[in-house]
Protein chains: 2
Amino acid sequence: MKELVREPVKEIGTGRANDLLSIGAAADLIGVSERALRYYQQLGLITPCGRTPGGMRRYSEEDLARVGRIRELQTLLGLNLDEIALVLRNDDRISQIREAYHDERTGAEERTGLARECLVLQEHLRVIVEAKRAALDKFLADLDARIARNRDVLK
Amino acid sequence: MKELVREPVKEIGTGRANDLLSIGAAADLIGVSERALRYYQQLGLITPCGRTPGGMRRYSEEDLARVGRIRELQTLLGLNLDEIALVLRNDDRISQIREAYHDERTGAEERTGLARECLVLQEHLRVIVEAKRAALDKFLADLDARIARNRDVLK
DNA sequence: CGTGACTCTAACGTCAACGTCAAGGCGCGG
DNA sequence: CCGCGCCTTGACGTTGACGTTAGAGTCACG
């Protein structure tokens, strides 16, 4: 599944006063390495919103949020990058659908079809998360029980 | 931190009717590989409760539970094996303390000192787990909110 | 007392997720 | 327009957690 992604590049004016970040600044800000950012891009997980004419990556606020989401899925749910790719594709599909949904030219039944598709995707993820939460709750309950026993002994 | 552990071996009668398991049976039962069991042992995470005179590992019910705990700490909390080693050492210390606690020869203030030590160890772990739970709850809440929005649209 | 299935140790292989290094481009303050 | 620091694309290295294989030993059963 080595899917090296080569994409069209959006050029960005360099002199303009915008709040786009270089890769170093972005990395510092969200607490990941530059290497990780480039790696995520290789896997198609993120694409910086643009490049300078010289070819340097520029990251937007949205891009940072997306990276944040990647880290969340990694550390919180323990997903690997391939699984995260799927989740992100779902996210993308959903906002794409949302867009089509608000398009004038979308018919009524097409609308509900799209929304239904969204729900399926989201609820699939929900099942996974809910299972994890249940397990974690049980773990915590056990731990608390043991702590309580101990506290009793201490009286 | 390559801490190859070499330990004293408890020999176990082979003809006796006991419920100790071979490594293969143990692995099948808890759903991990034999290699993983040997690896965990190398790192000092578990030691099968004994060996046959010929040198084959025998696992008790307790041993299995310990392996289960290892997997739980891996998949649920995302700890690596070094961190798990620490948690397990705490667990061990706690049951060791519990034992000393019920020993006749343990003085009163020594008792409370030990129990206090237990609490500190346990609550340290609790903080980690609780943080994870909070993060997961938030994640789930966000997801649910998005699902609800979607469901509304569908009405 | 074989024999076939299982297990032993030791050693090398693998895979994901990056780390690190080299040999150059870019960008901007002075 | 020049220098210094940040950035680029390869390409190879590393680490954790095992997988796999080899060659020898062990166990239960007939």
Side-chain angles (χ1 to χ4, degrees), chain A residues 1-7 9 11-18 20-48 50-59 67 70-71 73-75 78-86, chain B residues 1-7 9 11-18 20-48 50-59 67 70-71 73-75 78-86:
Chain A
M1 222 208 169
K2 287 267 128 153
E3 225 185 305
L4 299 205
V5 183
R6 191 64 56 192
E7 307 169 34
V9 193
E11 278 203 7
I12 296 234
T14 134
R16 247 174 49 223
N18 50 33
L20 300 183
L21 298 176
S22 71
I23 193 172
D28 285 1
L29 196 57
I30 53 191
V32 312
S33 67
E34 302 181 11
R35 180 64 171 97
L37 290 179
R38 297 199 188 96
Y39 184 56
Y40 296 158
Q41 185 177 354
Q42 272 189 26
L43 300 185
L45 301 184
I46 36 158
T47 309
R51 300 259 193 164
T52 69
M56 301 196 158
R57 278 166 260 251
R58 288 294 111 120
Y59 292 86
V67 176
I70 293 175
R71 303 296 294 180
L73 292 168
Q74 267 190 318
T75 64
L79 304 184
N80 65 36
L81 295 182
D82 281 5
E83 295 165 331
I84 292 176
L86 297 180
Chain B
M1 220 207 169
K2 286 268 127 153
E3 226 185 304
L4 299 205
V5 184
R6 191 63 56 191
E7 309 168 32
V9 193
E11 277 204 6
I12 296 235
T14 134
R16 246 171 54 221
N18 49 34
L20 299 184
L21 298 175
S22 71
I23 192 172
D28 285 0
L29 196 58
I30 52 191
V32 311
S33 68
E34 302 181 11
R35 178 63 170 101
L37 290 178
R38 297 198 189 96
Y39 183 56
Y40 296 158
Q41 185 177 354
Q42 272 188 27
L43 300 186
L45 301 185
I46 35 156
T47 310
R51 299 260 191 162
T52 69
M56 301 196 159
R57 278 165 260 251
R58 288 294 112 119
Y59 292 86
V67 177
I70 293 175
R71 303 297 293 182
L73 293 167
Q74 267 190 315
T75 64
L79 303 184
N80 65 35
L81 295 182
D82 281 6
E83 295 164 331
I84 292 177
L86 295 180

Quiz prompt | Atom pair distance, as rounded to whole Å: CG in Leu37(B) and P in dT7(C) | solution = 11 Å
Quiz prompt | Between dG19(D) (P) and Ile23(B) (CD1): distance, integer Å | solution = 12 Å
Quiz prompt | Intermediate values then yes/no, side-chain contact (heavy atoms from CB on, under 4.5 Å), Val67(A) and Tyr59(A) | solution = CA-CA 10 Å; Val67(A) 176; Tyr59(A) 292 86; 5.5 Å; no
Practice problem: Output the distance between atom CZ (Arg35(A)) and atom CD1 (Ile23(A)), rounded to the nearest 0.5 Å. | Solution: 10.0 Å
Quiz item: Is any side-chain N or O of Arg71(A) closer than 4.0 Å to OP1 or OP2 of dC18(C)?
Solution: yes
Practice problem: Ignoring backbone atoms, test whether Thr52(B) places a side-chain nitrogen or oxygen under 4.0 Å from the OP1 or OP2 oxygen of dC27(D). | Solution: yes
Practice problem: From the options dC18(D), dA16(C), dC7(D), select the nucleotide whose nearest atom is closest to the side chain of Tyr39(A). | Solution: dA16(C)
Quiz item: Among dC27(D), dA17(C), dC6(D), which nucleotide sits nearest the side chain of Pro53(B)?
Solution: dC27(D)
Practice problem: Ignoring backbone atoms, test whether Arg35(B) places a side-chain nitrogen or oxygen under 4.0 Å from the OP1 or OP2 oxygen of dA17(D). | Solution: no
Quiz item: Given atom OH of Tyr59(B) and atom C1' of dT7(C), what is their separation to the nearest angstrom?
Solution: 11 Å
Quiz item: Which whole-number value in Å describes the distance from Gln41(B) CD to dA10(C) C1'?
Solution: 15 Å
Quiz item: In whole Å, what is the span from the CD1 atom of Ile70(B) to the P atom of dG16(D)?
Solution: 17 Å
Quiz item: Any side-chain N or O of Tyr40(B) less than 4.0 Å from the OP1 or OP2 oxygen of dC18(D)?
Solution: yes
Quiz item: Are Gln41(A) and Arg38(A) close enough that a side-chain donor and a side-chain acceptor fall under 3.5 Å?
Solution: no
Practice problem: Among the candidates dC18(C), dC8(C), dC6(D), find the nucleotide nearest to the side-chain atoms of Gln74(A). | Solution: dC18(C)
Practice problem: Check the distance between dC15(C)'s P and Leu43(A)'s CG and give it to me in whole angstrom. | Solution: 16 Å
Self-check item: Interatomic spacing from CG in Leu43(A) to CG in Leu81(A) - rounded to 0.5 Å
Solution: 6.0 Å
Quiz item: Does Ser33(A) make a side-chain N or O approach to OP1 or OP2 of dG19(C) shorter than 4.0 Å?
Solution: yes
Practice problem: With DNA chain D as reference, determine whether Gly24(A) or Leu79(B) sits nearer its 5' end, using the nearest nucleotide of each. | Solution: Gly24(A)
Quiz item: How many Å lie between CZ on Arg51(A) and C1' on dC7(D), as a whole number?
Solution: 10 Å
Self-check item: Separation of atom CD in Glu34(A) from atom P in dT8(D), rounded to whole Å
Solution: 7 Å
Exercise. Provide the closest heavy-atom pair for Gly24(B) versus Glu34(B) in the form atom of the first, atom of the second, distance.
Key: CA-OE2, 3.6 Å
Exercise. Go through dC6(D), dT8(D), dA17(C) for me and flag the one nearest to the Arg38(A) side chain.
Key: dT8(D)
